[in-house]
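Single-structure report; data block below.
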Amino acid sequence: MLITTPMTMIDFFGKSEGVWFSQRTVHRFDSAGDESGESNLIIKVLEQDNPKVLEVCQTYGVNPSLISGGASFQWQGNLSEKEPDPNYEAILVDIPHPENPRKGKFLRNRGYVEGIPVISVYQFADDGVLTIETEYERNQGQERCWFVTENFRVRVSTVKMINGVNLMTYCSERRCVSPAFLEELMEQNRVRALAETGTHLSF
């Protein structure tokens with residue numbers, strides 16, 4: 001069950017950090033090839049003074065004092081043993097609204113729809129759903145993302161061209177946990193089971 005709901009972008013980055021198994025379903029209205037599939041999404045939080053963050057700020061001529069930090073996004077084939085290609089790494093830099101941290105904009109070194117530098121605007125709803133709007137050169141993109149639990153989240157996106165919606169995407173993403181974390185959960189369950197057994201026997 002979800003314990004905390006991120007309501008700022010930097011908190012959202014923090015809760016998203018890690019490796020996610022992403023199952024993607026894509027519906028294209030132009031009947032192009034099927035882009036559905038499975039992949040690993042690797043997310044890392046970047047501090048304000050990270051060289052990659054500062055490079056993006058320099059590209060846009062943005063004062064680093066205005067940002068809260070950033071994140072890197074990399075993709076990897078689900079069963080691939082190769083390291084993610086650094087040439088396809090996306091760097092996002094957050095610029096929160098000075099009066100309302102629940103909304104703002106972030107700078108990208110490359111967009112999801114078109115691989116060019118782009119600026120997105122975002123806002124968190126009262127229920128924690130994040131909505132991202134992006135204007136590309138030839139397309140408009142909208143993405144919504146929210147956490148169902150601490151380790152499961154959903155992303156839904158649409159891409160609109162001049163003649164209407166071109167594609168819709170649904171992604172369900174589960175966090176990949178480490179063996180150490182699994183062992184910790186198992187130990188917690190063993191302790192809980194022993195405690196419940198002891199309570200039952202005391203009656």
Side-chain angles (χ1 to χ4, degrees), residues 2 5-9 11-45 56 70-80 82 84-94 102-176:
L2 184 63
T5 300
M7 300 299 283
T8 68
M9 183 56 69
D11 287 343
F12 191 88
F13 287 161
K15 187 171 286 293
S16 299
E17 188 168 37
V19 179
W20 298 80
F21 170 62
S22 181
Q23 293 179 291
R24 181 180 67 258
T25 302
V26 179
H27 179 68
R28 296 190 69 100
F29 291 83
D30 58 6
S31 299
D34 185 10
E35 299 177 11
S36 301
E38 300 175 346
S39 61
N40 293 334
L41 172 59
I42 304 166
I43 303 175
K44 298 178 182 178
V45 174
V56 174
S72 71
F73 290 73
Q74 293 181 298
W75 290 264
Q76 180 186 50
N78 178 240
L79 299 178
S80 175
K82 296 181 180 179
D85 188 340
N87 293 322
Y88 292 97
E89 181 181 27
I91 305 297
L92 278 62
V93 176
D94 176 42
R102 284 173 53 171
K103 63 181 182 180
K105 59 185 177 181
F106 52 75
L107 317 174
R108 304 187 196 213
N109 68 329
R110 64 172 60 247
Y112 291 134
V113 179
E114 299 177 23
I116 58 175
V118 69
I119 299 176
S120 300
V121 295
Y122 67 83
Q123 182 168 348
F124 288 89
D126 292 339
D127 58 3
V129 175
L130 168 63
T131 299
I132 302 169
E133 305 274 356
T134 308
E135 292 281 346
Y136 295 93
E137 291 183 350
R138 300 182 300 273
N139 305 287
Q140 293 178 323
Q142 183 188 79
E143 179 177 341
R144 286 192 169 92
C145 184
W146 64 95
F147 285 85
V148 179
T149 69
E150 296 284 353
N151 298 306
F152 182 78
R153 68 179 204 167
V154 172
R155 290 190 294 124
V156 180
S157 62
T158 59
V159 176
K160 183 185 295 184
M161 301 184 72
I162 296 175
N163 58 348
V165 175
N166 183 45
L167 66 84
M168 299 180 68
T169 304
Y170 170 84
C171 294
S172 61
E173 297 174 335
R174 291 173 287 171
R175 191 189 304 275
C176 301

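All values derive from a computational prediction rather than experimental measurement.
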Given L107, which partner from the list D94, V56, V118 fulfils the side-chain contact (heavy atoms from CB on, under 4.5 Å) test?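 Only match with L107 under side-chain contact (heavy atoms from CB on, under 4.5 Å): V56.
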
Among C145, S172, C171, find the one that has a side-chain contact (heavy atoms from CB on, under 4.5 Å) with R153.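 Only match with R153 under side-chain contact (heavy atoms from CB on, under 4.5 Å): C145.
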
Do N109 side-chain atoms and E89 backbone N/O form a donor-acceptor pair below 3.5 Å?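 Present.
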
Sidechain-backbone polar pair: R175 side chain, E17 backbone, donor-acceptor under 3.5 Å: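 Checking the backbone N and O of E17 against the side chain of R175, a donor-acceptor pair under 3.5 Å is found.
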
Please collect all salt bridge (charged side-chain N to carboxylate O under 4.0 Å, His left out) contacts where either partner lies in residues 118-128, sequence neighbours excluded, each pair once.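 Salt bridge (charged side-chain N to carboxylate O under 4.0 Å, His left out) check on residues 118-128 returns R102-D126.
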
Can you name the residues that form a side-chain contact (heavy atoms from CB on, under 4.5 Å) with V154, not counting sequence neighbours?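 Applying side-chain contact (heavy atoms from CB on, under 4.5 Å) to V154 gives W146, V148, F152, V156, Y170.
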
Tell me, do [X] and [Y] make a side-chain contact under 4.5 Å, heavy atoms counted?
X: W75; Y: N40; answer: no
X: P6; Y: F13; answer: no
X: T158; Y: Q142; answer: yes
X: L41; Y: F73; answer: yes

May I ask you to check whether over 12 heavy atoms, not counting those of M7, lie within 6.0 Å of atom CE?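 Atom CE in M7 is packed in, count exceeds 12.
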
Return the CD to CD1 distance between Q123 and I132, rounded to the nearest 0.5 Å.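 If I round to the nearest 0.5 Å, the distance is 12.0 Å.
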
Rounded to the nearest 0.5 Å, what's the gap from CD on E38 to OG1 on T25? Could you check?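 One gets 9.5 Å once the value is rounded to the nearest 0.5 Å.
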
Given S120, which of E135, R108, E143, K105 fulfils the side-chain hydrogen bond (donor to acceptor under 3.5 Å, both in side chains) condition?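 For S120, the side-chain hydrogen bond (donor to acceptor under 3.5 Å, both in side chains) check succeeds only for R108.
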
Residue from R24, Q23, R155 passing side-chain hydrogen bond (donor to acceptor under 3.5 Å, both in side chains) with E173: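 That would be R155; it is the only one of R24, Q23, R155 passing the side-chain hydrogen bond (donor to acceptor under 3.5 Å, both in side chains) with E173.
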
Measure across W20 and E150 and return the closest heavy-atom pair with its distance rounded to 0.1 Å.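 Shortest heavy-atom separation between W20 and E150 comes out as CH2-O, 4.1 Å.
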
Shortest non-hydrogen contact from F124 to G128?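 Reported closest heavy-atom pair: CD2-O, 3.9 Å.
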
Looking at residues at least two apart in the chain, or sitting in another chain, which of them share a ring pair (Phe, Tyr, Trp, His ring centres under 6.0 Å) with F106?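 Partners of F106 under the ring pair (Phe, Tyr, Trp, His ring centres under 6.0 Å) test: Y122.
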
Between N151 and R174, is the side-chain contact (heavy atoms from CB on, under 4.5 Å) condition met? List the steps. CA-CA 6 Å; N151 298 306; R174 291 173 287 171; over 6 Å; no

